[in-house]
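Model, not experiment: these values are computed from the prediction. For ligands, and for the atoms within them, numbers begin at 1 and follow the listed sequence.
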Amino acid sequence: MNLFIDAGNTRLKWCLANQDEVLASGTGSLEDENPLGMSGELIGKVVSVAISTVASEERRTHLAGSVEKLCQAPVRFYWSEQSRNGLMNAYQDVSRMGADRWHGMYGAWLDHRQGFAVLDAGSAVTVDYVDRHGQHLGGYILPGLQMMLRSLRTDAARIWFDPDQGLATDPGKSTGECVNHGLAWLSAAMIERVIADARKLSLSEILVTGGDADRLIGLGLPGISRPDLVLSGLRAIHAEETSG
Ligand SMILES: Nc1ncnc2c1ncn2[C@@H]1O[C@H](COP(=O)(O)OP(=O)(O)O)[C@@H](O)[C@H]1O
Ligand SMILES: CC(C)(COP(=O)(O)O)[C@@H](O)C(=O)NCCC(=O)O
Ligand SMILES: [K+]
């Protein structure tokens with residue numbers, strides 16, 4: 001079995017899979033002693049490890065070392081590419097693009113050939129547009145929900161509030177409401193823009209992934225929830241690279 005890991009800035013997402021099916025999946029944290037939270041029985045099944053990561057070089061090296069030791073299996077990292085199987089990256093310097101974005105787009109490209117947007121709502125939010133010819137048209141990088149809350153709390157002296165996960169967007173009447181409704185209101189505005197862009201660019205689907213995907217769908221994003229998008233792109237690329 002192959003172990004696939006999507007190591008973001010907040011969490012690790014993993015799945016254990018062979019060519020055809022996923023046997024197990026879960027989340028973990030690089031800060032934990034057992035970063036994947038996998039049972040010994042599952043770890044024993046791992047013969048190779050493929051990783052997509054946007055973590056710092058220091059965290060990446062730490063992850064590679066601990067996974068290699070834990071699984072006693074070779075670890076291979078996959079990065080952004082210029083093109084694959086008809087999908088074409090708009091970046092001139094593709095080494096600058098977060099691997100999660102490329103693997104998410106590739107996961108989407110395998111199932112949706114009619115043009116799509118990928119919205120990854122993780123530590124940062126990324127939006128990427130791909131037309132029906134497989135051409136990546138470019139995208140956006142925005143601060144994520146927790147990042148915005150954190151910056152309000154740490155960079156403004158008189159903003160005290162309890163964060164909530166509410167979806168209300170009406171004008172707030174206390175600091176807490178103003179902050180929480182404000183973030184929902186901002187997310188709703190982003191959703192409107194993504195919908196308008198998708199219409200303008202004739203993209204037929206919006207695929208949503210990342211820890212805050214459900215929240216965006218709750219705020220009215222008419223998207224298909226694909227929590228596995230990055231891992232499924234990574235699995236496909238690993239299969240293509242190691243077959244034959
Ligand atoms: N169990 C969880 N642990 C941490 N963050 C979570 C969890 N569930 C939802 N989230 C939300 O998901 C976001 C992180 O999403 P994720 O896709 O895991 O990020 P990344 O890929 O950057 O590691 C956080 O900002 C938080 O709002
Ligand atoms: C934009 C990102 C931080 C999103 O990753 P996340 O925070 O969700 O884990 C990541 O894709 C990244 O580090 N990108 C490098 C810059 C770029 O894609 O152009
Ligand atoms: K993201």
Heavy-atom contacts with Gly8 under 4.0 Å: which atoms of ligand 2 show up? List them by number with element. 9 (O)
Which residue supplies the protein heavy atom nearest to atom 21 (O) of ligand 1, what is that atom called, and how far is it? Lys13 NZ, 2.8 Å
Arg215 (side chain) donor-acceptor with Gly166 (main chain) under 3.5 angstrom: yes
Closest candidate by heavy atom, reference atom 13 (O) of ligand 2, pool Val54, Thr209, Thr126: Val54
Among Ala99, Ser95, Gly98, Ala124, which one puts a heavy atom closest to atom 2 (C) of ligand 2? Ala124
Taking only non-hydrogen atoms of Asp120, do any sit less than 4.0 angstrom from ligand 2? no
Starting from atom 24 (C) of ligand 1, which protein heavy atom do you reach first, and at what distance in Å? Gln146 CG, 3.7 Å
Any idea which atoms of ligand 2 are less than 4.0 Å away from a heavy-atom of Arg101? 11 (O), 17 (C), 18 (O), 19 (O)
For atom 5 (O) of ligand 2, what is the closest protein heavy atom, and at what distance to 0.1 Å? Asp100 OD2, 3.1 Å
Please examine the side chains of Met190 and Tyr140, heavy atoms only from C-beta on, and report whether any two atoms are closer than 4.5 Å. no
At what distance, to the nearest 0.5 angstrom, does NE2 of His62 lie from OG of Ser56? 10.0 Å
Same cluster or not: are Tyr129 and Ile195 linked, directly or through other Ile, Leu, Val, Met, Phe, Trp or Tyr residues, by side-chain heavy atoms under 4.5 angstrom apart? yes
Protein contact to atom 13 (C) of ligand 1 [nearest heavy atom, distance to 0.1 Å]: Asp212 OD2, 3.7 Å
Please check if the side chain of Glu177 supplies one atom and the backbone of Lys173 the other of a donor-acceptor pair under 3.5 Å. yes
When you check the space around the K ion (ligand 3), which protein N, O or S atoms turn up under 3.4 Å? Asp120 O, Asp120 OD1, Ala124 O
Kindly assign one of parallel, tilted or perpendicular to the pair Phe116 and Trp109, based on the angle between their ring planes and the thresholds 30° and 60°. tilted
Shortest non-hydrogen contact from Arg11 toward Gly211: NH2-CA, 3.5 Å
May I ask whether Leu145 places a heavy atom under 4.0 Å from ligand 1? no
Considering only heavy atoms of Ser123, which atoms of ligand 2 have at least one such atom less than 4.0 Å away? 7 (O), 8 (O)
Taking Ser80 for the side chain and Met97 for the main chain, is one N or O donor matched with an acceptor at less than 3.5 Å? yes
May I ask which of Asp212, Val230, Asn9 has a heavy atom nearer to atom 7 (O) of ligand 2 than the others do? Asn9
Based purely on interatomic distance, does Gly211 place a nitrogen or oxygen under 3.5 Å from a nitrogen or oxygen of ligand 1? yes
As an exercise, identify every atom of ligand 1 less than 4.0 angstrom from a heavy atom of Ser123. 14 (C), 19 (O), 20 (P), 22 (O), 23 (O)
Determine, stepwise, if the pair Trp79 / Thr53 fulfils side-chain contact (heavy atoms from CB on, under 4.5 Å). CA-CA 8 Å; Trp79 305 103; Thr53 189; 4.1 Å; yes
For Tyr91, take its heavy atoms, then give the atoms of ligand 2 lying under 4.0 Å from any of them. 17 (C), 18 (O), 19 (O)
Which residue holds the protein heavy atom closest to atom 16 (C) of ligand 2, what is that atom called, and what is the gap in Å? Arg96 O, 3.3 Å
Any donor-acceptor pair under 3.5 Å linking the side-chain atoms of Thr126 with those of Asp120? no
Contact between Leu145 and Gln165 at the side-chain level, heavy atoms closer than 4.5 Å - yes or no? yes
Is a side-chain donor or acceptor of Asp228 paired with a backbone partner of Ser232 at a separation under 3.5 angstrom? no
Give a yes or no on whether the backbone of Asp164 and the side-chain of Asn180 come within a donor-acceptor separation of less than 3.5 Å. yes
Donor-acceptor contact below 3.5 Å, side chain Ser204 vs main chain Gln114: yes
Parallel, tilted or perpendicular: which one describes the rings of Tyr78 and His103, with boundaries at 30° and 60°? perpendicular
Which of the numbered atoms in ligand 1 are below 4.0 angstrom from a heavy atom of Gly210? 17 (O)
Considering only non-hydrogen protein atoms, determine which one is nearest to atom 4 (C) of ligand 1 and report residue, atom name and distance to 0.1 Å. Arg11 CD, 3.6 Å
